[in-house]
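Contents: one structure, followed by commentary.
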Amino acid sequence: MSPGPNTVLSEREGRVAILTINRPDKLNALNDQVRDELLAELAKIEQDDSVGVVVITGAGEKSFIAGADISEFAGRAPFDQRHAMRSPRIFDVMSTFPKPVIAMINGFCLGGGCELSMSCDMRIASEKARFGQPEINLGLIPGGGGTQRLPRLVGMGNAMRMILSGDLIQAAEAKEIGLVDLVFAPEELRAKTLELAAKIASKSPLTLKVAKEALRASEKLPIEDGISYERDLFCLCFSSKDKEEGVAAFLEKRPAAWTGR
Ligand code: COA
C-alpha cells in the first residue's frame with residue numbers, strides 16, 4: 001500500500017526543529033500514520049546534535065490537533081484499539097524526550113491533541129485556540145493521559161469539569177487555569193514561540209537534558225526524594241565540560257561556548 005502524503009512536515013530554523021501535523025482538511029486529527037511519522041521524526045531529531053529544541057504545531061489556520069481520528073474508532077474491536085495504542089506511545093516519547101518540546105497551539109486543541117500538548121514541556125497558544133477533552137460526547141474517556149495529566153496541570157475541579165462536560169474553553173481561560181503558559185495574538189504566535197525556542201536551544205544541550213529530567217522527576221517523586229535526586233543531578237553537572245565553560249565564561253565576562261559535553 002502506498003504510504004500516502006507526509007502527514008508530518010519537518011523544518012529547521014537554526015537549532016529549532018518545527019514539526020507540523022499536516023492534515024488540515026481533517027483539522028490535523030491524529031491517525032496511525034501521523035503517530036508513526038511523528039515517532040520517526042522524533043527518533044531522527046533525538047540523534048541530531050544540530051537540534052536543541054522541538055516545536056510541534058498544526059497546519060492551517062484553524063486547528064492544532066482536533067483529537068484522535070474518530071473515523072478509526074467506528075466498529076473497531078478492543079484488541080485492535082489496544083494495538084493502535086501500543087508502546088512506544090507518542091505521549092510518553094514526548095514527555096521523556098531528551099530535548100525540550102514546545103507545543104505551539106494555533107487552533108483547536110482537543111482530545112488526543114490536548115493530551116499531546118500536555119505531554120510537551122510548554123504550551124504556547126494563539127488567542128484563537130480552543131481546548132477541550134470532548135471524548136465524553138463519543139461515549140469515551142481520554143485515552144492519551146488526559147485523566148492523569150490534566151488534573152496535575154489545572155486541578156481536579158477544572159479537570160473534572162472539562163472531561164465530564166466535554167465543554168471547550170478559550171485560550172484566556174486555559175491560561176488562567178494553567179493549561180497553557182503563554183498566549184499571543186495569532187499573527188505573533190510563530191515569532192514569539194520561535195524566539196523562546198531559539199533562546200532555550202542556545203543553552204547547553206547536556207544541561208537542558210538534565211534540567212528536564214529533574215523537572216519531570218517532580219511529577220513522580222515525593223518531594224524529599226525529588227530534592228535528593230536534584231542534588232545528585234546538580235553534582236553530576238560538575239563532571240561536565242559545559243559546567244567548567246559556563247563558570248569560566250561568567251568569570252571572564254564572555255559568552256559561553258557550549259559543547260554539550
Ligand atoms: N477525527 C476525524 N475527523 C475530524 C476530527 C476528528 N477528531 N475533527 C474534525 N474532523 C474532520 C471533520 O469530520 C471534517 O471532515 P469532512 O470535511 O470530511 O466532513 C473536517 O475535519 C472539518 O471539521 P468540521 O467538523 O467540519 O469543522 P467545524 O469547524 O464545523 O467543527 C470541531 C470543528 C473541532 C468542533 C469539530 O470538528 C469536532 O467536534 N471534532 C471532533 C473533536 C473531538 O471530539 N475530538 C476528540 C476525539 S477522541
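Keep in mind that this is a model prediction, so the values were computed, not measured. One-based numbering, in listed order, for ligands and for the atoms of each.
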Hey, what polar pairs (N/O, under 3.5 Å) does ligand 1 make with protein?
residue, atom, partner, partner atom, Å
ligand 1, 1 (N), A68, O, 3.4
ligand 1, 1 (N), I70, N, 2.9
ligand 1, 7 (N), A66, O, 3.0
ligand 1, 7 (N), A68, O, 2.9
ligand 1, 15 (O), K26, NZ, 3.4
ligand 1, 18 (O), K26, NZ, 2.5
ligand 1, 21 (O), D25, O, 3.4
ligand 1, 27 (O), K62, NZ, 3.4
ligand 1, 29 (O), K62, NZ, 2.7
ligand 1, 45 (N), A66, O, 3.0

Spacing of S117 atom OG and M94 atom CE [to the nearest 0.5 Å]: 8.5 Å
Matching residue for P100 among L215, I200, V16 - test: side-chain contact (heavy atoms from CB on, under 4.5 Å): I200
E219/R216 salt bridge by N-O under 4.0 Å criterion: yes
Closest approach of G112 to E135 (non-hydrogen atoms, all atoms of both residues): N-OE2, 4.0 Å
Over 12 non-hydrogen atoms of neighbours within 6.0 angstrom of NZ in K128: no
Nearest atoms (heavy-atom pairs only) where T20 meets E11: OG1-OE2, 4.3 Å
